[in-house]
Structure formats: C-alpha cells, structure tokens
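Take a look at the structure set out below.
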Amino acid sequence: MIKVTLPDNSVKEFDSSVSAYDVAMAIGPGLAKAALAAKVNGDLCDITATIDSDCNLEFVTAKSDPELSLELIRHSCAHVMAEAICRVFPEAKLVYGPTVENGFFYDVDLDTPITPDDFSKIEGEMKTIVKEDRPFVRYEMPFDQALTYLENEGNRYKVENAKAANSDVISFYVTGSRDNSDFEDLCRGPHIARTGQIGAFKIMSIAGAYFRGDASEKMLQRVYGTAFADKKELKQYLFQLEEAKKRDHRTIGKQLDLFSFQEEGPGFAFYHPKGMTIWNEMLKYWREEHYNDDYCEISTPTMLNEKLWHQSGHWDNYKENMYFVDIDEERYAIKPMNCPGGCLVYKSRNHSYRELPIRMAELGLVHRHEASGVLHGLFRVRRFTQDDAHVFCTPEQITDEVVNVIDLVFRIYKTFGLSDVNLELSTRPAKSIGDDKMWDLATDALKNALERKGIDYKLNPGDGAFYGPKIDFHVRDCIGRSWQLGTIQCDFALPERFDLNYVTNTNTEQRPVMLHRAILGSLDRFFGIIIEHFAGSFPTWLSPEQVRVMPISEKTNDYGQEVYQLLKKAGVRTTLDLANDKINAKIKKAYEQRLPYMLILGPNEAENNNVTVRVRGSQQQQTFALHDFIQKITCEIQSRSLESTLNK
RNA sequence: GCUGAUGUAGCUCAGCAGGUAGAGCACUUCCUUGGUAAGGAAGAGGUCAUGGGUUCAAGUCCCAUCAUCAGCUCCA
C-alpha cells in the first residue's frame with residue numbers, strides 16, 4: 001500500500017503495484033490549478049509529481065522518476081505522431097494512441113495503407129513539430145457539448161472514446177494554441193509541457209488492429225513508435241532489439257540444425273537429429289524426477305472415437321480446434337488433450353482408497369488446429385507434446401498433492417536455470433459447473449498449499465476454468481520475458497462425466513478429485529524457450545555436441561581418433577573434426593556451433609597423452625591429462641551443471 | 001481467421017527501366033600439413049513458392065492460391 005499525502009493533508013491510498021503514472025493521474029486532474037507535491041508514505045518522495053495549470057506534469061520533477069517521465073514523453077510523442085500522420089495523410093481518422101511497454105502506438109482509420117516507406121516522411125513532420133517546441137495545452141468541455149463537438153467532426157471513434165470515458169467533463173489537448181487552430185486531440189492527459197522535451201523517437205512498425213480488439217469491427221492501421229529522453233537511450237534500445245533477434249529460436253534452430261518447418265505441414269515441427277538429442281535429454285531428466293515422485297507413466301492413443309469427445313465435453317467446447325478422420329463409417333477425433341484417455345485408463349479397473357493418490361503421467365502428443373495467423377515457431381504449433389499428468393485423489397489429499405507438484409516444478413525449473421517464478425491463483429468464473437462446497441474446498445486446498453510453501457502469489461478472481469480453480473506458474477527468462485509454463489488445475493467435471501469412482505474403507509463408492517498438471521506445458525514451446533534463454537549455448541548436459549576433437553594436422557589424426565573413441569566410450573557426445581582445415585577454421589566452426597568444449601590436439605598433446613581445452617565463452621586454453629578431462633566432463637554432465645565445472 | 005509485408009542455390013542475400021540468373025558461406029575435387037575466430041584453386045548446384053493472365057518477351061507487371069514474418073483476435 002502506498003500512501004500519498006496531498007498538500008491539504010488529505011491522504012490517498014494506492015495499491016503497491018500502482019505506477020507513478022497512475023498516482024499522478026489519480027491526483028492530478030482534481031487539482032488542476034494547484035502546483036502539487038505529493039509525499040509518499042510520509043517521508044518517501046520518490047514519487048513526486050508537480051502539475052501545472054494545463055494539468056501537465058512538470059518535466060523537472062518528473063526527471064526524478066524516469067519511469068514516469070518516459071510514460072509522458074511517449075504519450076506526448078503519440079500526439080506528435082498523430083499530427084504528423086494527419087499532415088501526410090489528411091484523410092486519416094484518428095482513433096486511439098496509448099503507451100505500451102516499449103513505446104506507444106496510434107490507431108488510425110485510413111484506406112490507403114501506410115508503408116514503411118512513409119515512415120521517414122512522417123518522422124520528418126514529427127521532427128518539425130518537436131523543433132517548434134509547442135506547448136501541450138489542456139482545455140475542458142462539459143460532456144454533452146463535447147459529444148456534439150466530436151460528432152460535428154465526423155469521427156465516430158472519438159465519439160465512442162468520449163462515451164467510454166464516462167465523465168462529466170471531457171478534456172482536450174492542443175499542441176500549441178486553439179487560436180492558431182493547432183492540432184488537438186481528445187485526451188485525458190497528462191503530457192510533458194512542450195514538444196521540445198521529446199528527446200528521441202522512431203517509428204517502429206505498422207500493423208493491423210481491430211477497433212476495441214473486436215474482430216467484427218473494422219481493421220485499423222496501428223502505427224507503432226517509441227521515444228526516449230535522449231538519443232543514446234533510443235540507440236541502446238534498438239541495440240537490445242537486435243540482441244533479442246539474435247536469440248530468436250527460429251534463427252538458432254536453423255543455425256544449429258535443431259528443427260525445421262516445411263510447407264507441407266504448417267505448424268508441425270520437424271525435429272532434426274541434434275534437436276532430438278536435446279529433446280531426449282530433457283525427457284530423460286523429466287522421467288528421473290517423476291520416478292522419484294512416485295508417478296507412473298501411461299500412453300494413450302492419438303485417435304479415439306468421436307463419441308468419447310462428446311462424453312468428455314470437448315466436442316461441445318473445442319471442436320473448431322480439433323482434427324477429425326473418417327474410418328469405416330466411424331468418425332475419429334485426433335486428441336487435442338490427454339485427459340479423456342487418462343480417465344479411460346483409470347476406469348479400466350476398480351480402485352481402492354488405499355491406492356490413492358494415483359499419479360498418472362503422460363507425455364501426450366496432441367494436435368490442435370490453431371488459426372494460421374497465430375503460428376509462431378515452436379511457441380505456437382499445431383502438434384505438440386504435453387508433459388501432462390493426472391492425479392486422482394481424495395478431496396483431503398489435494399493440498400498435499402499440490403505442495404508436491406509445486407516442489408517438483410521449482411526443482412525442474414531450477415535445473416534449466418529458470419529461478420524467477422511467479423504463481424497465480426485463479427478462482428471460480430461466472431460461468432462454471434460444480435457446487436459451491438466443492439469450489440470452496442478446492443480453492444481453499446490450493447490456497448493452503450501455497451501458504452504452506454510460504455509462496456507469494458497473485459490472485460485472479462474469476463479467472464479459473466469453468467471446471468475448477470487453478471494455479472499457474474509464470475517464469476521469467478534471462479532477458480526478462482515472462483512465460484506461462486506450468487499449471488495445476490482442479491477438475492470436477494471429468495470424474496463426473498466419466499463416472500470415476502474408488503471404494504472407501506466403508507465399502508461405498510466415492511468420486512475422486514482429478515488434478516491436471518503440467519510442468520513444462522508444451523515441450524515444444526519449452527524447447528523454444530530454453531533455446532532463447534540459453535541463446536543456443538546449452539549447458540553441457542543438454543548440448544547436442546558436448547566435445548569436438550580437433551587435430552591440428554593429419555599427423556595427429558590418429559591421436560584424435562583415440563581421444564574421440566575414449567570420450568564416446570565414456571558416454572560423452574563427441575565429434576571428430578578431420579577436415580582439411582587449419583586449426584583457425586576448425587575453431588571458428590566449433591564456435592559457431594556453440595560447442596561447450598573444443599579439444600585441440602597436436603604433437604605436444606599426443607606425446608604426453610594430454611588434451612588442450614578451449615571452454616565456450618573464453619579464448620583461454622588449458623591443458624589437462626586426457627583421463628582427468630574425461631572424469632571432469634562426465635561429472636559435469638551427470639550433475640547437470642549449468643556452468644562449466646572444468647576448474648572445480 | 002483478419003490487416004499489411006515477404007517468398008531468387010542447403011544458408012544469408014543481390015538482381016527489378018520487363019530482354020532467357022549472380023555473390024559469399026556450405027558442398028565436391030585438387031594443392032597446402034598449417035598451434036588458436038575463415039590457407040589457395042577449380043567444380044557442381046536454381047523450371048526465381050505454385051497456378052493463371054498481360055506482352056514479341058515475365059524472377060521482374062496483374063490476379064488467385066500456398067507458406068513465412070509483424071501485429072490484431074484467439075489459446076475450454
């Protein structure tokens with residue numbers, strides 16, 4: 001909770017997740033004429049906003065809060081861009097121009113498409129506007145008057161925006177002066193004081209977007225831009241974008257020959273030998289962890305009679321995304337989820353309360369017909385493997401089971417170097433099945449598990465699935481992007497639909513609770529994520545090639561063979577580079593393939609039974625006795641270390 | 001699915017005023033036997049995404065389809 005003390009000593013409270021911008025917005029318009037200095041939590045002044053007579057936040061004080069100042073620069077820059085677009089395309093109708101994470105956009109309704117060739121023209125106009133250093137001036141109108149004003153303008157989007165503002169007074173911002181008929185826009189503000197305070201900007205891209213995100217509405221043109229306090233920061237941001245591009249798993253997947261996509265199967269990944277090596281290492285580890293946690297593993301068919309999907313409810317809710325095949329007068333569905341198969345396995349015989357909980361894991365291959373426009377490398381595909389598991393247990397066992405899964409999740413993520421994990425608990429939505437008692441019981445069980453683990457979590461009221469509450473795991477990678485990976489979901493629907501039972505100690509039949517859980521989610525997507533997380537430089541245990549043996553000339557090829565065979569025998573994935581290349585070229589190639597270890601072998605090494613090692617990421621080299629090296633690297637692989645342990 | 005852009009050798013890309021296709025890397029062969037980020041030479045490799053159309057002539061212009069990319073919408 002953040003307490004902001006206003007000059008009249010009244011206190012306003014804000015949620016601690018509120019941004020400085022939100023605080024400024026909340027206290028600003030009501031005190032339009034007064035210069036305002038807000039104290040936060042008594043003495044703390046890190047959020048200090050001064051608001052001038054135009055309700056603009058003073059730039060001087062905003063400097064003490066870079067986040068706030070950046071927001072204002074970007075929002076103001078959106079106005080400048082809108083004006084520039086109108087100069088280049090006078091028939092353009094403005095819609096809406098907010099800030100977003102790394103910049104801002106403005107939606108415009110315009111029949112001629114804006115192309116990247118137009119960017120420089122628009123940027124040129126923007127430059128002029130910034131140079132003119134015009135002030136942002138606020139004026140207000142009563143709602144009714146504003147509505148008429150906007151209707152006369154003939155821009156229905158602005159009319160609807162004003163209605164959506166739901167306020168008695170509508171504010172406008174003029175870039176300059178009303179007397180000069182300068183550019184103005186419906187806007188709640190605030191802005192920086194003058195256009196000249198925009199340090200550096202760039203138009204980034206153009207894309208389509210529906211008005212209000214509604215696919216039945218007209219498609220508008222969305223022009224993305226970004227702005228910074230100075231040119232240096234803009235340059236740095238553009239550099240970071242380039243770096244992120246280099247990590248793109250689609251690019252690295254091609255460079256390292258891990259996987260491919262073919263025209264014959266849009267959304268269906270082809271895994272190449274090196275990709276499969278990583279895949280199999282991932283699964284080997286995954287199975288070890290699940291064995292330790294007393295899971296059993298099952299496998300259920302990819303295709304099952306359509307009737308099953310009517311019973312499970314998928315046909316009603318999910319058929320648009322399912323593939324079907326007709327065989328012998330019968331219609332089969334390719335499974336989009338594994339749960340019904342799991343239910344059939346459970347139901348194949350009677351169960352006693354003594355068996356519960358039953359933890360049934362399945363690396364299930366599912367197919368979903370995703371819309372063509374959403375496909376994205378391994379992140380969004382039409383065929384993928386889920387690391388699914390279904391836990392059948394009594395209501396009393398939910399908490400223990402959830403605690404168990406949470407521990408497993410954290411253990412597995414950590415092994416992949418993912419330790420920044422956030423949890424979210426989603427509760428009963430408006431449309432749902434099951435009675436209140438079950439919902440309360442399950443939701444409390446999930447909460448108890450989180451509390452027992454002492455984990456902070458975010459609550460998403462009403463965001464659960466219609467069949468039960470859930471916990472989601474969000475993971476941040478090494479460049480700060482967040483991914484939803486794991487999930488634990490209570491399900492009241494399927495046990496009912498499939499009439500699942502167990503026999504109690506009083507010899508009566510009872511419905512088990514079914515927990516769905518996934519840890520990595522889609523293995524395909526997880527593969528993509530770790531490619532980007534490691535930027536292709538996988539830890540040794542995951543690397544498709546762990547060591548490359550590189551003799552300096554043909555004279556040491558024999559020794560190279562010997563070293564290669566010994567490493568292979570020790571279970572190390574090794575390749576031998578006997579190409580007619582100089583050592584420089586061999587090093588370059590191994591570097592490009594992100595080899596964790598290069599062994600450089602010449603007459604010196606051959607004579608002493610040594611290896612000279614270059615570790616990835618370093619240009620230093622070290623010489624080890626061959627057997628020492630083999631011992632060290634096998635240790636590193638077995639411990640699944642994230643870093644090289646050669647010197648430990 | 002929608003809007004826009006793109007599609008030329010295995011990869012990265014050039015060619016564009018319409019006149020029957022080019023580079024670097026990779027690949028093959030030969031020379032070179034070289035100690036830390038590309039040694040040299042020669043060679044092979046393309047119905048320019050697919051299908052129509054305009055034209056004496058289309059990789060180049062037009063239309064459709066497919067795929068990819070960006071964004072939107074979607075992701076019980």
Side-chain angles (χ1 to χ4, degrees), chain A residues 100 105 107 109-118 204-224 245 248 250-251 254-257 260-267 309 312-322 336-337 339 368-377 379-382 384 429 431-433 464-468 470 484 489 491 493-494 516 521-522 525 550-557 578-593 595 598-605 612-614 618-621 623:
Chain A
V100 286
F105 64 78
D107 283 348
D109 181 359
L110 175 66
D111 290 331
T112 43
I114 300 175
T115 70
D117 295 339
D118 300 319
M204 302 301 292
S205 59
I206 175 95
Y210 301 109
F211 181 51
R212 297 251 158 88
D214 181 350
S216 64
E217 276 280 2
K218 182 172 180 184
M219 176 71 75
L220 308 167
Q221 301 196 60
R222 177 167 293 182
V223 187
Y224 283 89
K245 225 176 177 179
D248 192 313
R250 293 167 297 188
T251 312
K254 216 175 256 177
Q255 282 169 356
L256 302 189
D257 196 16
S260 65
F261 286 92
Q262 313 286 339
E263 286 210 5
E264 290 80 356
W309 305 98
S312 70
H314 287 92
W315 200 87
D316 291 332
N317 292 298
Y318 205 69
K319 64 170 177 299
E320 308 75 42
N321 282 324
M322 288 168 68
M337 287 165 206
C339 337
R368 298 180 183 179
H369 186 76
E370 303 287 0
S372 60
V374 304
L375 301 178
H376 182 96
F379 289 164
R380 193 81 179 266
V381 287
R382 286 175 171 158
F384 58 101
K431 229 179 106 183
S432 62
I433 60 139
F466 74 87
Y467 50 74
K470 62 171 182 174
Q484 204 256 99
Q489 308 184 353
D491 187 348
L494 285 182
H516 305 257
S522 149
R525 190 170 72 119
M550 311 190 303
I552 284 173
S553 79
E554 274 174 24
K555 287 170 192 152
T556 29
N557 278 1
L578 295 181
N580 183 12
D581 278 329
K582 289 180 115 175
I583 194 67
N584 305 33
K586 291 185 181 183
I587 287 170
K588 176 131 200 291
K589 282 174 188 161
Y591 168 81
E592 282 171 347
Q593 289 294 305
L595 260 287
M598 308 179 206
L599 301 190
I600 289 146
L601 307 181
N604 296 341
E605 286 78 11
T612 291
V613 185
R614 251 180 95 132
S618 162
Q619 296 189 31
Q620 308 294 318
Q621 56 172 341
T623 301

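Fair warning: this is a prediction, and the values are worked out from it, not measured in the lab. Per chain, numbering begins at 1; letters A, B, ... match sequence-line order.
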Work out how far the [atom1] atom of [N] is from that of [M], and round it to whole angstrom.
N: B/rA38; M: B/rC74; atom1: C1'; value: 47 Å
N: B/rU29; M: B/rC16; atom1: C1'; value: 37 Å
N: B/rA23; M: B/rA44; atom1: P; value: 12 Å
N: B/rU32; M: B/rG40; atom1: P; value: 16 Å
N: B/rG7; M: B/rC48; atom1: C1'; value: 10 Å
N: B/rU28; M: B/rC69; atom1: C1'; value: 35 Å
N: B/rU8; M: B/rC31; atom1: P; value: 37 Å
N: B/rU54; M: B/rC61; atom1: C1'; value: 8 Å

Has [X] got a side-chain atom pairing as donor or acceptor with [Y]'s backbone, closer than 3.5 angstrom?
X: A/Gln593; Y: A/Gln255; answer: yes
X: A/Lys586; Y: A/Ile552; answer: no
X: A/Gln221; Y: A/Ile206; answer: no

What's [X] touching, base or sugar-phosphate or nothing? Going by heavy atoms closer than 4.0 Å.
X: A/Asn604; answer: base
X: A/Arg614; answer: base
X: A/Glu605; answer: base
X: A/Lys586; answer: nothing
X: A/Ile587; answer: base
X: A/Asn321; answer: nothing
X: A/Phe105; answer: nothing
X: A/His376; answer: sugar-phosphate
X: A/Pro336; answer: nothing
X: A/Met337; answer: base
X: A/Ala371; answer: base
X: A/Ser205; answer: nothing

**Request:** Could you list the residues that satisfy salt bridge (Lys or Arg N to Asp or Glu O under 4.0 Å) with A/Arg222, not counting sequence neighbours?
**Result:** A/Asp107
**Message:** Is it true that, when you exclude A/Gln620 itself, more than 12 heavy atoms of the residues, nucleotides or ligands shown sit nearer than 6.0 Å to its CD?
**Reply:** no
**Request:** Give a yes-or-no answer on whether the side chains of A/Thr612 and A/Glu605 include a donor-acceptor pair shorter than 3.5 Å.
**Result:** yes
**Secondary structure of RNA chain B in dot-bracket form (Watson-Crick or G-U wobble, distances below 3.5 Å, | marking inter-strand pairs)** = (((((((..((((.....[..)))).(((((.......))))).....(((((..]....))))))))))))....
**Prompt:** How do A/Arg212 and A/Ile600 order along RNA chain B: which one's closest nucleotide is nearer the 5' end?
**Reply:** A/Ile600
**Request:** Take A/Asp248 and A/Lys582, find for each the nucleotide of RNA chain B with the closest heavy atom, and name the residue whose nucleotide sits nearer the 5' end.
**Result:** A/Lys582
**Message:** Under the rule for ring pair (Phe, Tyr, Trp, His ring centres under 6.0 Å), what residues qualify as partners of A/Phe384, not counting sequence neighbours?
**Reply:** none
**Request:** Can you sort out the partners of A/Phe379 under ring pair (Phe, Tyr, Trp, His ring centres under 6.0 Å), two or more places apart, ordered by chain and number?
**Result:** A/His249, A/His376, A/Trp483
**Message:** Could you walk me through whether A/Met337 and A/Arg368 satisfy the side chain to side chain contact (heavy atoms under 4.5 Å, CB included) test, starting with their C-alpha distance in whole Å, then the side-chain angles of each, then the deciding distance to 0.1 Å, before giving a yes or no?
**Reply:** CA-CA 9 Å; A/Met337 287 165 206; A/Arg368 298 180 183 179; 3.4 Å; yes
**Item:** Span of RNA chain B, from the first to the last nucleotide whose atoms fall under 4.0 Å of chain A heavy atoms
**Value:** B/rG1 to B/rA76
**Request:** Kindly write out the residues that satisfy side-chain hydrogen bond (donor to acceptor under 3.5 Å, both in side chains) with A/Tyr467, not counting sequence neighbours, or none if the list is empty.
**Result:** A/Gln489
**Request:** Measure across A/Tyr210 and A/Leu220 and return the closest heavy-atom pair with its distance rounded to 0.1 Å.
**Result:** C-CD1, 4.4 Å
